[in-house]
Structures are given as C-alpha cells and as structure tokens.
2 protein chains.
Amino acid sequence: MNEDQDRLFVTALARGLDVLAAYQAGDRALGNTELAQRCGLPKSTVSRLTYTLCKLGYLSQDESGKYRPAPAVLTLGFAALSGLDLRERAREPMRRLSKETGLSVTLGVRQGTRVVYVETCRALTRVGIRLEVGSTVPLATTAIGRALYMALAPAEQQEVACLLADEYGARWPEVAARLQVAQTTYGETGFCASYGEFEPDIHAVAVPIAGSAPAMAINCSGPAYRLTPARWAEEIAPQVVKLAAQLAV
Amino acid sequence: MNEDQDRLFVTALARGLDVLAAYQAGDRALGNTELAQRCGLPKSTVSRLTYTLCKLGYLSQDESGKYRPAPAVLTLGFAALSGLDLRERAREPMRRLSKETGLSVTLGVRQGTRVVYVETCRALTRVGIRLEVGSTVPLATTAIGRALYMALAPAEQQEVACLLADEYGARWPEVAARLQVAQTTYGETGFCASYGEFEPDIHAVAVPIAGSAPAMAINCSGPAYRLTPARWAEEIAPQVVKLAAQLAV
DNA sequence: TTGAGTTGTTCCGCATTGCGGAACATAATT
DNA sequence: AATTATGTTCCGCAATGCGGAACAACTCAA
C-alpha cells in the first residue's frame, strides 16, 4: 500500500466504528471519558462521535447520560448473517448433532486472528465460555480456529502466521509448534482438536467445510470430564467430519 | 436542535454506516454501484467508504470484487447483546415456554418504529418470517411492537405516533385505530395480541416487561391453525403474562 | 473480434467538514 | 464549600472528505 491509498481511508468513519467496537462483552453503559481512553481519542472528538452515533440510532443514552449500544447494531449483524447460505443449511444438522451428543456445536468464520461464531447450538448443560453468535475466540489455540487455518491456502497461512507471530511475541514459537502438530494431525485424521488447550476443562474437535465461501468450520465442544481425548477422536470427531462433508459446497 | 448542533454531526461516519446498513436480509455481495444507488451517494464516495470498511474488516470482497458484510459486524452486535442482563435471565424461561407450547418465544426492543429481536427461541415447526436476533418487525402491527408501545410514557407514545403517522401516511388512521383498540385491550387483559394482522397465518401475544431498561417485551407466536384467538387469550397469554411478571425488574 | 456499455478505481483541486484545545456547564466527591 | 471528574460546545484552522472527471478493467452483444 502506497501513500496515495491512505488518502482513500476515511479516518472519521474508522474512529466512529472504533467507538462502537470499544464495547466489550459484559460492558454496560460507558461514558465519553472511558470511551476516549479506550479509543485513544480526545474527549471532544468522542463526544461528537457519540452524538452522531446516537442520532443514527446505534448508541442510546441511559438515565445517567452514559452510552450503550442500541439494538440497531444488531440489525447490521443480521444482514451479515442472512447472506450466509451455508449457515442456514447447517442449522438443523448442527442442532441434531448437539442433541445426540449432548455437546455444543458451533459454526465459525475467520476474522483476522480470531474466529467469529456465526451459529451456535449449545448443550443444555453448558460449561465454559459463552458460545454466542458474534463472540470470538483465538484462531491458533482453538480447534475451530485451527480448522479454519488448515483451510487456508499456503500463502494465506503465511500471512496469518505473521499476524499471529506479532500477536504472541515470545510465545509464538510454542504456539506455532502446536499449530504445526495440528497440521500434521489434520493431514492424518481429517480433523483438528484442542484438548484443554484453550480452556482447561473443555475438549473440542473441528473440521473445515470444503468449498465454503467465506470459509467456515464446524466445531463440537464439551466438558473434559465426559470423554477422554481418545474417545473424542473415536466417537465425536467422525460425526463432525461426516457433517462437514455433508455441508461441503 | 439548532444549526450549531449540526456542526457536531459527523457526516462521514453516518455515510459509512449507511453503507453497512444498506445490506438487507438475503443480500449476497453488492457492488459499489448498487451501494451507491441504495445510499444515494456518488460512486467515488462509496468506493472510498467500502475501501475503508474493508480495511477495518467490516466488509470483505469476494472473488468477483463485490462486497459483503464481514463477521466483524457480528462482534459489534455481540457487545450490544452481552450488556443486556435481562436477556440472559430470560433465556431459560423462554426456552421452557417454547418447548411447552410448541410456539416461538421472542424478546424484543424498540428501535424507532421497529422492533429488534434480541433473543429468539423458535418452535421446531416454524412458520412465518425469520425470527432471528437482529431481525426487525414493525412496531404498530405486531403484538410485540404493541406491547413495547404500551410500555412507553405518554409523551414518548406521542413522539412515536408522529413517526408512525409519517411512515404510514394515508393508512395511519386505520393503523392508529387498531393501536387504540390494542391499548384498550391491554388495559383490560394485560397483554397485546395480533391475530393475523401482521402475517395472515400467524397469531401472537406479547407483554412488556415492567421496569426493564432498555424497555423489552416478550412475545409468543405460532401458526393460526393451531389455536383460535380465544384459545390464545385463554391458554397462551396467561403464560406470557406470568413470564413477564417473573422477569420484571 | 470489436465496440459499446457497465462497473470499479484513482486523481486532484477545492472547500467544508472534522478536528481538538480551551472554555464552560454539570455532576460527584471530599 | 472547594475540588475533582465528566460531559458539552465553541471556534479557528487545516487537512480531510468530497465528487466530477479521467482512466482502467470487465462484460456483453453484434
């Protein structure tokens, strides 16, 4: 990218979206000062941005005058989801698998070095982090992230690896080694696994869905106490592999 | 609002968000020309905006170079949802009600003259429009919309009525009359209904959740062939009323 | 294959829009 | 009451966003 291209970048838009993106899971209403700190912008700039976002309906103010995301933000995401044909096709089979196994079944897409869940069927007895449409998990240390990584072309894997190296810093060699192991295993078994690596008490296996655009992967996860890794590989993984094959485009 | 306040409005941000909001349910990838038409902006402006949104990760380009919303848009919505305590509390009871009745149970919030769904438990045998987090339905002609309207203070009802009048134009008197009937009925029964008004084959009843902020309402809907309106009022509505009371803040 | 039409991208001169420090108002705390 | 913290608005400034035009690339029909 040369300098001319930076002239096309609309900074005001980026800043406004940074304000929206400053909200994290569990946040309630935030004030302008907190938002200014999170975004690294001057208070007056943030004040103008929140004013604009309120007028547009993407933020609303509570009684104390603080801001929280308004439901209109959800409608942006809805449009994103409703364009995903594969998600619609996958929904019922995923629900079925979740019911049969008693595990959580999720569908995810890569976004940079993260996975964004686009569909979730959660087991009734939930353990672990919130599995929810729109929530994200790391790419490198989760089964679903690894599956998405495997589906990348080598050049893209290289690119992503660079981003990950930046992110993990000194810990990257270790993470990379495990990613390499996963690649070998994927080549032999057709699935990726994460046994307690991301969350100590959670096992998961995942498989990319061939031919999907944007590339997606399907994941099955549950509590570690239920099944040993060997049983996961024998009993659960084949079902996920089969489901991914059914969903292949 | 005086003219000075317009100086605080960041037009570039608004335009960028208009581009994101131009995507509708079912849209796949859109080109710059289509987006320019939908937003009423010049092509070159849209080109700069889509360039920026791509760089930020909110749009992605497919092989043909057209744009579609990227999963990062979902993460904005996730933050909006995760700040809603009531939604979390409501989830399990909603799922239970849906299971017991075989109907779809939804939780919604008002956004202008629309309702945005923030939680949905769909019946297995689905009929009617997509009930999905982030999807919207009209305020004035749906049970849940009416319930949300009832929960407004009189001054706010007035404001909303003005917006609705603008929107419905010549049809507003008729819609207003039905809204008035719903208000009377709500006063007597504690719930709002829509029997085939929004969708011919769908009945629904809804109740606002007292004390909720932002104001929410809970809705139960299903196919008209299942139960007569009288049975809806006798058998389903009381359960919804009860659930709303349990969820009251 | 050629020409016409369509779509997408970039340029560039322009001016207005977005900026941010400062002033001011309001709210909270000691 | 004084101090601190937060939120809002002003206003001079300049750089950023703008959009018509030029150009590039693609598609389609004859």
- line: When rounded to whole Å, the CG to P distance for the pair A/Leu53 and D/dT8 reads 13 Å

query: Would you say a side-chain N or O of A/Ser47 is under 4.0 Å from OP1 or OP2 of D/dG7?
result: no

- prompt: So, is A/Tyr67 close to the D/dT8 phosphate, meaning a side-chain N or O under 4.0 Å from OP1 or OP2?
  reply: yes

message: Does C/dT9 have its OP1 or OP2 closer than 4.0 Å to a side-chain nitrogen or oxygen of B/Gln61?
response: yes

- request: Summarise protein proximity over nucleotides 13-30 of chain C in one line of letters, 5' to 3': B for base, S for sugar-phosphate only, - for none, counting protein heavy atoms closer than 4.0 Å.
  value: B----BBBB---------

statement: Separation of D/dG7 atom P from A/Asn32 atom CG, nearest Å, is 5 Å

task: Find the distance between CG (A/Leu49) and CG (A/Leu35) and round it off to the nearest 0.5 Å.
output: 9.5 Å

- prompt: For the side chain to side chain contact (heavy atoms under 4.5 Å, CB included) test, which of B/Asn219, B/Val160, B/Val115, B/Ile209 pairs with B/Leu148?
  reply: B/Val115

task: Specify the separation, in whole Å, of atom OH of B/Tyr51 and atom C1' of C/dC11.
output: 14 Å

field: Side-chain (B/Arg28) to main-chain (B/Arg68) donor-acceptor, under 3.5 angstrom
entry: no

query: So, for B/Ala25 and A/Phe78, which heavy atoms are closest and what is the spacing to 0.1 Å?
result: CB-CE2, 3.7 Å

- line: Taken to the nearest 0.5 Å, the spacing of A/Thr142 OG1 from A/Arg114 CZ works out to 8.5 Å

query: Passes side-chain contact (heavy atoms from CB on, under 4.5 Å), A/Tyr58 versus B/Leu13? Steps please.
result: CA-CA 12 Å; A/Tyr58 294 110; B/Leu13 172 57; over 6 Å; no

- prompt: When rounded to the nearest 0.5 angstrom, what distance separates CD in B/Glu34 from CZ in B/Arg38?
  reply: 4.5 Å

query: Roughly, in whole Å, what's the span from NZ in B/Lys66 to P in D/dC26?
result: 14 Å

- request: Evaluate the salt bridge (Lys or Arg N to Asp or Glu O under 4.0 Å) criterion for residues B/Glu159 and B/Arg110: first the C-alpha distance (whole Å), next the side-chain angles of each, then the deciding distance (0.1 Å), finally the verdict.
  value: CA-CA 13 Å; B/Glu159 274 179 44; B/Arg110 182 179 68 90; over 6 Å; no

field: Nearest-angstrom distance from the residue atom CZ of A/Arg38 to P of D/dT6
entry: 14 Å

Identified side chain to side chain contact (heavy atoms under 4.5 Å, CB included) counterpart of A/Val118 within the set A/Thr106, A/Leu84, A/Val133: A/Leu84

- line: Rounded to 10°, the angle between the first-five-pair and last-five-pair axes of the helix from C/dT1-D/dA30 to C/dT30-D/dA1 is 50°

field: d(NZ, B/Lys55; C1', C/dT10) in whole Å
entry: 15 Å

